[in-house]
Q: 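Pasting a structure here, questions to come.
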Amino acid sequence: MTDLMTELSDDDLLGNVEDTASANKILEGLNDSQEQAVSAPLSNMLVIAGAGTGKTRVLVSRIAWLIKKEQIQPRNILAVTFTNKAAGEMRDRIALMAGEIVEKQLWASTFHSICLRLLRNYARYAGLEPNFTVLDSDSQTTLIKRIMKEFEFDIKELKPSDVASRISKLKEQGIRAPAYATRGKRFDDPDYEKISRIYTAYERICNQENSADFSELLLRTVELLEVNDEVRNLQHRRFKEILVDEFQDTNSIQYRFLKLMTAPTSHIMVVGDDDQSIYGWRGADYTNMKKFLNDFKDVKEYLLALNYRSSQKILDIANTLIAKNTDRLMEKVLKANNGTGETVKILNCANNNYEADIVGKTIAKLHQEEGIKYRDIAILYRNNYLSLGFEQSLSNCRIPFIIYGGQKFFDRAEILDALAYLRLLVNEDDDTAAMRVINVPARKIGPKVVADLRAICEERSCSMIKAIKLLSAYVQQDGADKTLKTLYKKVEPFYQLINYLKENKAQKSLSELVDLTIQASGLQEMYALKDTKEGKSGEDNSRVSNLGVLVSNVKDFEIAFAKEKEDGVLKDENALITDDPLLTYLSNITLVSTSELDEEGKNSSENVADAVNMMTIHASKGLEFKYVFLVGFENTILPSKRSLEFGGKQLTEERRLAYVGITRAKQDLYITYSQNRSLFGSTNTTGASPFLREVVKAYNSSQEKPYAIIPINYQTMD
DNA sequence: ATGTTCCTTCTTTTT
DNA sequence: GAAGGAACAT
């Protein structure tokens, strides 16, 4: 492990000297409670920060403070976030405040990419080969489907995607297949037997294929840190100050990870807001905030409640709404620093067509008459599919817009096909990838041939590519079995394609290789044919142009990768020990949310186009906009149908989600709902969200209401 | 083995 | 209103 030691040893690139002047500058413009948190003496800290109270600012300023005032080396700091968006924003702001050198030296990224980085470093200690591939959720489900078919389980009765999320949940609780097999009965689950068998097989196959899914990255890192004192101590020696953003969203395995990473002599500062916990469905547990107080030594508490974002009327509604939640850790009433502001407009629309229409027209008016920039406007919704009507309406009004999330670029079939080929080039044991593309485009390899090939895999306990390799050697011998000879003939073209690409991998640049893969595999041709058949002409969103976008995305990455290698400092996301750009690229894109790409394949942060922002409320967390249209604020949508059925915890999370949506608005908030909504062909009566009724009821007898209800093509209001 | 057509199913939220 | 699956024909 000596090479690891040198990699992690101290280097004094920065020779820091305490700089009182610039340390004081950090505190400029902070209010008292912010300043207290930023300039607090070294200690474990819990910062409870309401929406819009300058949470990120405090976090970033604290990092700058640690470096300037406490003389902590940037490389001894670890900043953890939940989403890539948050990580990116934090890095940008650190670079701005403390300089690019600092930004490059400290680790600021998501739980998943930190764990990926550690695992690449210590792969062998964690039972992985260093070139392991990260399984995206699509591949995960496909693999589970494959297992279920082998067991002859009914995939209608028990859906593979359900099983996938169940297994992920188990991993997030730290429960491995053997543990589940023995303890599972207690979970009182009718599908227990099946899940247990699938889980066991799934674990075995992932190990064979040298791949890890998302939750595996966390679990395996935690297990490694628990078992391996040396690796853990290395982390302890390195990370003196750990900072965690959006702490309310941590799940149990992430919490364990933080505990393991924090040395007794190190400090950890967590920042969060229990009222903004909206990932409970994914195992997030905001009571970790309470637990934190007990589990860590001498935790100092700080509270930020002065809101810099929204006007008071918006906050009044937000406060009134969230006050209805009974399971809050702490009652916070946000106070505005920005004055009373405009009345919140609640638009009661007859149906979703009127709703989409009025939103489009209102935005057009704001832009034309008041000169509001499109980019200062956001449309937020509960579910991705709600965006459709607004897309049409905005197009009709000739309003430019960007949709974040939605149909994900890297989830498209054509992209996944191309990536499967590429995965095989770095990890030939990745049978999930092989299964996907062995007959794509069609190579006359049907279920029969695949079954025969897999039989060999079973017998030799090896991967498909390796099995073909064995075959190719075998059939050269005299008197080779005839059926095996014909089997080889069938798979030979595929095998030679992979070999051909592998040969080129060493010689060609990454983007050339990707281009070659798309061409030589025949994917390009196949999708071109499909496009023309479906009448999709060249430009607009055709599959072929998506493949082109992939190549240009790879080109961008290639340039960045080369530059960072030259700089000698690898930036966080790319910071893998490997020299293989393809492996690095593949790992990155599975972890980096695809919504960060627009249709040109560029990072949207570079996109300066003036356009209305459209996204889910979940995606909007941490962001703010001058004008917010919170649409589809309806019964069975927000709160969702499901949460209404389950009630309790699910309902309070929906209320928090509504709260997050409302508190995104700085200046003007429009809440819209429809009485009737047509969806998937049929029309349903929805009407105002019960959350809205709560708020209206609370102001029933009040003279001055912070809102006005405006009927849109509808006579009565209820 | 492949391509067609018809059918069902499914619609949270994300790493 | 799309995407995946089953059933069928070639």
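On a predicted model such as this, the values are computed, not experimentally measured, just so you know. Note: hydrogens, waters and symmetry copies are ignored here, and every other heavy atom, side chains too, is used. Reminder, nothing fancy here: chain letters follow the sequence lines and each chain counts from 1.
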Q: Applying the 5.5 Å / 30° rule, does A:Y279 stack onto the base of B:dT14?
A: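 A:Y279 vs B:dT14: stacking no.
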
Q: Under the side chain to side chain donor-acceptor pair (under 3.5 Å) rule, collect the residues that match up with A:E223, sequence neighbours excluded.
A: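 A:R176.
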
Q: List the steps, then state whether side chain to side chain donor-acceptor pair (under 3.5 Å) holds for A:E634 with A:T686.
A: CA-CA 6 Å; A:E634 286 156 35; A:T686 47; 2.8 Å; yes

Q: Write out a two-atom table: protein N or O, nucleotide N or O from nucleotides 5-8 of chain C, distance below 3.5 Å.
A:
from: C:dG5; atom 1: OP1; to: A:K145; atom 2: NZ; distance (Å): 2.5

Q: Rounded to whole angstrom units, what separation is found between the OH atom of A:Y404 and the P atom of B:dT14?
A: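 One finds 14 Å between P of B:dT14 and OH of A:Y404, rounded.
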
Q: Hey, would you say the A:F557 and A:Y585 ring centroids sit under 6.0 Å apart?
A: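 Yes; A:Y585 has its ring centre under 6.0 Å from that of A:F557.
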
Q: Roughly how many Å is it from NZ in A:K621 to P in B:dT15, rounded to a whole number?
A: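 About 11 Å, once rounded to whole Å.
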
Q: What nucleotide among B:dT14, B:dT15, B:dT2 has an atom nearest to a side-chain atom of A:T110?
A: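 The answer is B:dT15, which lies nearest to the side chain.
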
Q: Who pairs with A:N325 by side chain to side chain donor-acceptor pair (under 3.5 Å), at least two apart in sequence or on another chain?
A: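 With neighbours one apart ignored, the set is A:R655.
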
Q: What's the verdict on salt bridge (Lys or Arg N to Asp or Glu O under 4.0 Å) for A:D273 and A:K55, showing C-alpha distance, side-chain angles and the deciding distance?
A: CA-CA 9 Å; A:D273 178 7; A:K55 175 171 60 77; over 6 Å; no

Q: Name the nucleic acid region contacted by A:K159, choosing base, sugar-phosphate or nothing; use a 4.0 angstrom heavy-atom cut-off, strictly under.
A: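 Sugar-phosphate, backbone atoms only, no base.
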
Q: How would you list all residue pairs meeting side chain to side chain donor-acceptor pair (under 3.5 Å) that involve residues 431-453 of chain A, not counting sequence neighbours?
A: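 Residue pairs with at least one partner in residues 431-453 of chain A: A:D138-A:R436, A:E209-A:T432, A:D417-A:R436, A:Y421-A:R443, A:K448-A:D452.
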
Q: Mind checking A:F214 for me? I need base, sugar-phosphate or nothing, with any heavy atom below 4.0 Å counting as a touch.
A: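 Answer is base: heavy atoms of A:F214 come under 4.0 Å of a base.
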
Q: In whole angstrom, give the distance that lies between atom CZ of A:F111 and atom P of B:dT15.
A: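 Distance check: A:F111 CZ to B:dT15 P gives 14 Å.
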
Q: Does A:T616 make a side-chain N or O approach to OP1 or OP2 of B:dT14 shorter than 4.0 Å?
A: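 True: A:T616 side-chain N/O within range (under 4.0 Å) of B:dT14 OP1/OP2.
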
Q: In terms of the nearest nucleotide of DNA chain B, which residue is placed more toward the 5' end: A:H618 or A:P447?
A: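 It is A:P447 whose nearest nucleotide is closer to the 5' end.
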
Q: A:D154 has an atom CG; how far is it from atom C1' of B:dT8, in whole Å?
A: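 Interatomic distance, CG of A:D154 to C1' of B:dT8: 14 Å.
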
Q: Does the side chain of A:N439 get closer than 4.0 angstrom to OP1 or OP2 of B:dT2 through an N or O atom?
A: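 Result: yes.
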
Q: How is A:D136 classified with respect to the nucleic acid when contacts are heavy atoms under 4.0 Å: base, sugar-phosphate, or nothing?
A: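 Counting heavy atoms under 4.0 Å across all strands, no contact is made by A:D136.
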
Q: Between A:E653 (CD) and B:dT14 (C1'), how many Å, whole number?
A: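 Between C1' of B:dT14 and CD of A:E653: 12 Å.
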
Q: Applying side chain to side chain donor-acceptor pair (under 3.5 Å), can you list everything that pairs with A:Q496, at least two apart in sequence or on another chain?
A: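 Checked A:Q496 against side chain to side chain donor-acceptor pair (under 3.5 Å); matches are A:E492.
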
Q: From C-beta outward on A:A442, which listed nucleotide comes closest to its side chain: B:dT13, B:dA1, B:dT2?
A: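 Comparing B:dT13, B:dA1, B:dT2 against the side chain of A:A442, the answer is B:dT2.
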
Q: With sugar-phosphate meaning primed atoms plus P, OP1 and OP2, does A:R656 contact a base, only sugar-phosphate, or nothing at under 4.0 Å between heavy atoms?
A: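 No contact at all - A:R656 keeps every heavy atom at 4.0 Å or more from the nucleic acid.
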
Q: Whole-Å distance between B:dG3 P and A:L529 CG?
A: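 Roughly 9 Å, once rounded to whole Å.
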
Q: Choose from B:dT13, B:dT15, B:dA1 the nucleotide whose nearest atom is closest to any side-chain atom of A:R282.
A: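 Of all the options, the side chain of A:R282 is nearest to B:dT15.
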
Q: Roughly how many Å is it from CG in A:L386 to P in B:dT13, rounded to a whole number?
A: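 Distance check: A:L386 CG to B:dT13 P gives 9 Å.
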
Q: Run the side chain to side chain donor-acceptor pair (under 3.5 Å) test against A:D357 and tell me which residues pass, sequence neighbours left out.
A: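 By the side chain to side chain donor-acceptor pair (under 3.5 Å) rule, A:D357 matches A:K361.
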
Q: How long is the line joining NE2 of A:H112 and C1' of B:dT15, in whole Å?
A: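 Taking NE2 of A:H112 and C1' of B:dT15, I get 4 Å after rounding.
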
Q: So which one's nearest nucleotide on DNA chain C is more toward 5', A:A413 or A:L388?
A: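 Result of the comparison: A:L388.
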
